[in-house]
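Remarks on the structure that follows.
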Amino acid sequence: MEQAHTRLAGVQRIVLPLEGSPLESVNVYALDGAAGLVLVDTGWRRPDVRAALDQALAALGYRAEDLALIVLTHAHPDHCGGAAELRKRSGAPVLLHHADWPLTDPARRHGDAFMRASAAWFLRHGLPASAPEATGAARGELVERNQPFTPDRAIHDGDTLALGRFTMRVLWCPGHSPGQVCLYDEQAGVLLAGDHVLPAISPNIGCYTAEDGNPLGDYLASLRRVRDLPVDVVFPGHGEPFHELAARVDTLAAHHEARLDELLALLAPAPQTGFDLCVRLPWSGGRRRWADLAPFHHRLALAETIAHLELLRSRSLVSREEREGIIRYQATLTPYPL
């Protein structure tokens, strides 16, 4: 396990455990504010996470009750699951981009209605009805790790937040979630990137319902937005702080373009469902196949495959048709035989 907290460029990084997740840990960040301590993201809602956060704050000379403000980069459970409890302990208001507010509402994102909509979407993309993902079996994990809540204030693109010694500009970077934001202080050369730009892995970009649109197209546009920012240090949601933002953005963009090429090669012979393609793709950098993944990660993989197919469709490189309730994709151009 990494050290509990790290001070760098005036930002205090706290590493919290994610037991049972391949990610292993999540970063939250503490900044000294004029009115008290500011916390960026919270970790899961679990006793071990609560204990680790309390211990790390104590090492910095604080208690959770000292929090004056909680800012969330996005509303995924590993980043916001503990927000409601921390707000109750401290009275600190919770800020979140308005596009992610539905993700914290149990009736709309983590409740049965969302799980049914997501399962129906996956079935339309060829997921077998017998698969655990088709029944909403992963919901228990979400409920355990995430306490639903209503944020206190919406933040928007271009807002300026006075966070201690930093004056952070909110950069809306949709893709990983609809309301993912980065916090940027140009004078300090500091970017709190959430899960938008990670140092060692690509964040999950997935289509989970018919309403999700083209999140990978949004993500690539958001990458271009931050690529050339004059940044000295990037503080990510997972992994070590890093430098060379532009190089990392280029690597992430190239990864997705390579994935798109893989899918085009698989699509050329005949129309196929997203599930047909998903089970044929390699995962985890080529180390795993569909059969090696747990049911919860099946959801991530299929949603990610659909997102790539929808981007190809937006580029007019594939077509989509639905017959008898099943969606299939086909390449619009067949490679000329050599």
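Separation of atoms CE (Met168) and OH (Tyr184) is listed at 10.5 Å; rounding is to 0.5 Å. Residue Leu53 holds its CG atom at 7.5 Å from CG of Leu67, rounded to the nearest 0.5 Å. One distance of note links CG of Asp276 with OH of Tyr329; it measures 12.0 Å at 0.5 Å rounding. To the nearest 0.5 Å, the span separating CG on Leu95 from CD1 on Ile70 amounts to 9.5 Å. A distance of 11.0 Å separates CG of Leu311 from CD1 of Ile205, quoted to the nearest 0.5 Å. Between the CG atom of Leu277 and the CG atom of Leu264 there is a distance of 10.0 Å, given to the nearest 0.5 Å.
Checked against ring-ring contact (aromatic ring centres under 6.0 Å, His included), His176 has the following partners two or more places apart in sequence or in another chain: His74, His76. Contacts of Trp121 classified as ring-ring contact (aromatic ring centres under 6.0 Å, His included), with partners at least two apart in sequence or in another chain: His125. Partners of Arg320 by salt bridge (Lys or Arg N to Asp or Glu O under 4.0 Å), not counting sequence neighbours, listed by chain and number: Glu310. Glu257 is linked by a salt bridge (Lys or Arg N to Asp or Glu O under 4.0 Å) to Arg315, counting only residues two or more places apart in sequence or in another chain. Qualifying ring-ring contact (aromatic ring centres under 6.0 Å, His included) partners for His156, counting only residues two or more places apart in sequence or in other chains: His98. Partners of Trp101 according to the ring-ring contact (aromatic ring centres under 6.0 Å, His included) rule, which considers only residues two or more places apart in sequence or in another chain, do not exist here. Residues that satisfy the side-chain hydrogen bond (donor to acceptor under 3.5 Å, both in side chains) test with His297, not counting sequence neighbours, are absent from this structure. With sequence neighbours left out, Gln187 forms a side-chain hydrogen bond (donor to acceptor under 3.5 Å, both in side chains) with no residue at all. Residues that satisfy the side-chain hydrogen bond (donor to acceptor under 3.5 Å, both in side chains) test with Arg89, not counting sequence neighbours, are Asp54, Glu65. Every residue two or more places apart in sequence or in another chain that forms a side-chain hydrogen bond (donor to acceptor under 3.5 Å, both in side chains) with Ser202 is listed here: His256. When the salt bridge (Lys or Arg N to Asp or Glu O under 4.0 Å) test is applied to Arg87, the partners found at least two apart in sequence or on another chain are Asp152.
Of the possible polar contacts, none joining the Thr209 side chain to the Ala117 backbone as a donor-acceptor pair under 3.5 Å is found. A distance-only check finds no donor-acceptor pair linking the side chain of Asp261 to the backbone of Ala258 [under 3.5 Å]. In this structure, the side chain of Asn214 engages the main chain of Gly217 through a donor-acceptor pair within 3.5 Å. Looking at Arg289, its side chain does come within 3.5 Å of a backbone N or O of Arg280 through a donor-acceptor pair. Side-chain atoms of Arg248 come within 3.5 Å of backbone N or O of Leu198 as a donor-acceptor pair. With Thr332 contributing its side chain and Leu317 its backbone, the two residues share a donor-acceptor pair below 3.5 Å. A donor-acceptor pair under 3.5 Å is formed between the side chain of Ser222 and the backbone N or O of Pro174. In this structure a side-chain-to-backbone donor-acceptor pair under 3.5 Å is present from Asp100 to Gly179.
Comment: Arg63 engages Asp66 in a salt bridge, judged by a side-chain N to carboxylate O separation of less than 4.0 angstrom. Electrostatic pairing of Glu322 and Arg328 does not count as a salt bridge here, judged by no charged N lying under 4.0 Å from a carboxylate O. Note on Arg225 versus Asp157: salt bridge recorded, some NZ/NE/NH1/NH2 to OD/OE distance being below 4.0 Å. For Glu19 and Arg46, the salt-bridge test passes: some basic side-chain N is under 4.0 Å from an acidic carboxylate O.
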**OP:** Please test Thr167 against Asp185 for side-chain hydrogen bond (donor to acceptor under 3.5 Å, both in side chains), starting from the C-alpha separation and ending with a verdict.
**Re:** CA-CA 6 Å; Thr167 300; Asp185 186 319; 4.9 Å; no

Subject >> Intermediate values then yes/no, side chain to side chain contact (heavy atoms under 4.5 Å, CB included), Leu171 and Val181 >> reply: CA-CA 5 Å; Leu171 303 178; Val181 300; over 6 Å; no

**OP:** Start with the C-alpha distance between Thr150 and Asp105, add both sets of side-chain angles, then the distance that settles side chain to side chain contact (heavy atoms under 4.5 Å, CB included), and finish with yes or no.
**Re:** CA-CA 7 Å; Thr150 300; Asp105 182 341; over 6 Å; no

Original post:
Are Leu161 and Arg169 close enough, and set up right, to give a side chain to side chain contact (heavy atoms under 4.5 Å, CB included), and what steps lead you there?
Top reply: CA-CA 6 Å; Leu161 304 177; Arg169 180 157 55 96; over 6 Å; no

**OP:** Apply the test side chain to side chain contact (heavy atoms under 4.5 Å, CB included) to residues Leu39 and Val71: give CA-CA distance (whole Å), side-chain angles for both, the deciding distance (0.1 Å), then the verdict.
**Re:** CA-CA 6 Å; Leu39 192 68; Val71 183; over 6 Å; no

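In terms of heavy-atom proximity, Ala193 sits nearest to Val234 at CB-CG1, 3.8 Å. The two residues Cys207 and Asp212 make their nearest non-hydrogen contact at C-OD2, 3.5 Å. The two residues Cys173 and Val226 make their nearest non-hydrogen contact at SG-CG1, 3.8 Å. Counting all heavy atoms, side chain and backbone alike, Ala68 lies closest to Ala92 at C-CB, 3.6 Å. The shortest non-hydrogen separation linking Gly237 to His79 is CA-CE1, 3.9 Å. Among all heavy-atom pairs drawn from Ala301 and Trp290, the shortest one is CB-CZ3, 4.3 Å.
In this structure, the side chains of Thr104 and Pro148 stay at 4.5 Å or more apart for every pair of heavy atoms. In this structure, the side chains of Glu186 and Pro230 come closer than 4.5 Å at one or more pairs of heavy atoms. Proximity of Trp283 to Cys278: side-chain heavy atoms (C-beta onward) are separated by under 4.5 Å at one or more points. Side-chain contact between Leu31 and Val40: present, with at least one pair of heavy atoms (C-beta onward) separated by less than 4.5 Å. A 4.5 Å side-chain heavy-atom check between Pro236 and Asn27 finds at least one atom pair inside the cut-off. Inter-residue side-chain proximity for Pro93 and Leu69 is flagged as met; some heavy-atom pair is nearer than 4.5 Å. In this structure, Arg313 and His308 have side chains that are not in contact, with every pair of non-hydrogen atoms separated by 4.5 Å or more. Gln330 places a side-chain heavy atom less than 4.5 Å from the side chain of Ser319.
Under the side chain to side chain donor-acceptor pair (under 3.5 Å) criterion, the residue pairs touching residues 227-237 are Arg227-Asp250, with sequence neighbours excluded.
Checked by atom type, the side-chain pair Thr73/Asp41 shows a donor-acceptor distance below 3.5 Å.
With His196 as the fixed residue, the ring-ring contact (aromatic ring centres under 6.0 Å, His included) test singles out one of Phe235, Tyr219, Trp172: Tyr219.
No single ILVMFWY cluster, assembled from side-chain heavy atoms under 4.5 Å apart, contains both Leu123 and Tyr208.
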